[in-house]
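We name chains A, B, ... by the order of the sequence lines, and we start the count at 1 in each one.
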Protein chains: 2
Amino acid sequence: MSEEIERSLKLFKALSHPTRLKILAMCLDKELSSKEIRRSLNISKPLLISHIKKLVDAELLECRVEFDREKSIVRKYYKTKENLTIDLTDLLRKIKTKQI
Amino acid sequence: MSEEIERSLKLFKALSHPTRLKILAMCLDKELSSKEIRRSLNISKPLLISHIKKLVDAELLECRVEFDREKSIVRKYYKTKENLTIDLTDLLRKIKTKQI
DNA sequence: TATTTGGGTAAAATTTTATTTACCCATTAT
DNA sequence: ATAATGGGTAAATAAAATTTTACCCAAATA
């Protein structure tokens, strides 16, 4: 299967879970730490990390890493990418004409 | 969970399978019977029927039913809906502002 | 010092999806 | 008459995704 189909499938799968849609909605306008996200969602740490991984992997969520020199720890902030539109007909036409 | 979120999830789940993307691509320009679809995909009948159900349920694929009076049988033809675009940012903003 | 908190991993358990198998019926072809 | 074809359902099985559990570490706090 082509790269582009795999990318599209990853995108659609990432969007196929209510919690992940909520995470994207939360991080629309300002970046949030996983702690802040978790407070709103009330889910376990491993579960949140797993959801976040899928969103970042699908290029829906951006991760900014900050290094706190004082405390020698890394802090991660998440923000939803902007202008997310999917032209489905275009994707399907590419699949049909074997462009991808 | 709201109706609209459930509808969106159904849409994304329907799009999360390579075979279903192929079916949509095939039925872009002309309607096809399940027989014609199956010939191209080489999958079992029950499996195709299951995929088609999900696509129709997600309102991605339209089904036209024809009744052949001579032979007393129904024939079904499938065609992908047109102008399928998903405004993800808009959906997420609705979720955020609890409009849905 | 013992415990809580933030952030994380690995693996087991659970749930959901996908796929196959075994059927059904009616029509057409051998 | 028998086999093949189109179209379908129900249930069992296989595979994939989700969620929990049990851990790890370092820093802050009671």
Does OP1 or OP2 of D/dA16 have a side-chain N or O of A/His17 closer than 4.0 Å?
no
Using the ring of each side chain (for Trp, its six-membered ring), is B/Phe12 parallel, tilted or perpendicular to A/Phe12, with breaks at 30° and 60°?
parallel
Can you measure B/Lys53 atom NZ to D/dG8 atom C1' for me and round it to whole angstrom units?
9 Å
Of the listed nucleotides D/dT9, C/dA18, D/dA22, the one nearest the side chain of B/Arg20
C/dA18
Pairwise 5' ranking along DNA chain C for B/Lys45 and B/His51, keeping only the more 5' one
B/His51
How many Å lie between CG on A/Leu48 and C1' on D/dT21, as a whole number?
17 Å
Rounded distance in Å - CG (A/Leu15) to P (D/dA17)
15 Å
With the side chain defined as heavy atoms from C-beta on, A/Ser50 is closest, among C/dG8, D/dT19, C/dT20, to D/dT19
Please check the phosphate of D/dG7 (OP1 and OP2 only) for any side-chain N or O of B/Arg38 closer than 4.0 Å.
no
Exercise: identify the closest heavy-atom pair between A/Ala58 and A/Lys10
CB-O, 3.8 Å
A/Ser44 side chain N/O closer than 4.0 Å to the phosphate oxygens (OP1, OP2) of D/dT19?
no
Given side chains that start at C-beta, do those of A/Arg7 and A/Glu4 come closer than 4.5 Å, heavy atoms only?
yes
side-chain N/O B/Lys13 vs C/dT17 OP1/OP2, d < 4.0 Å
yes
When A/Ile73 and A/Lys54 are each assigned the nearest nucleotide of DNA chain D, the 5'-most assignment goes to A/Lys54
Over how many whole Å does the gap from B/Tyr77 atom OH to D/dG7 atom C1' extend?
13 Å
For a quick check of understanding: with a heavy-atom distance under 4.0 Å over all strands, which category does A/Ser33 fall into, base, sugar-phosphate or nothing?
nothing
Once you round it to whole Å, what is the distance between C1' of D/dG7 and CG of B/Asp68?
14 Å
With a 4.5 Å cut-off on side-chain heavy-atom distances among I, L, V, M, F, W and Y, is there a chain of contacts connecting B/Leu48 to A/Leu92?
yes
With a sphere of 6.0 Å drawn around CD of A/Glu66, does it hold more than 12 non-hydrogen atoms of other residues, nucleotides or ligands?
yes
I need the CD1-P distance between A/Ile52 and C/dG6, as an integer number of Å.
14 Å
Base, sugar-phosphate alone, or nothing: which one does B/Arg39 contact when heavy atoms must sit under 4.0 Å apart?
nothing
Nearest-neighbour nucleotide for the B/Leu47 side chain, D/dG7, C/dT20, D/dT20 considered
C/dT20
Where the side chain of A/Lys76 is defined as all heavy atoms beyond and including C-beta, which of C/dT9, D/dG7, C/dG8 is the nearest nucleotide?
C/dG8
Atom CD1 of B/Ile43 to atom C1' of D/dG7: distance rounded to whole Å?
14 Å
Take the protein atom CD1 of A/Ile49 and the nucleotide atom P of C/dG8, then report the distance between them rounded to whole Å.
5 Å
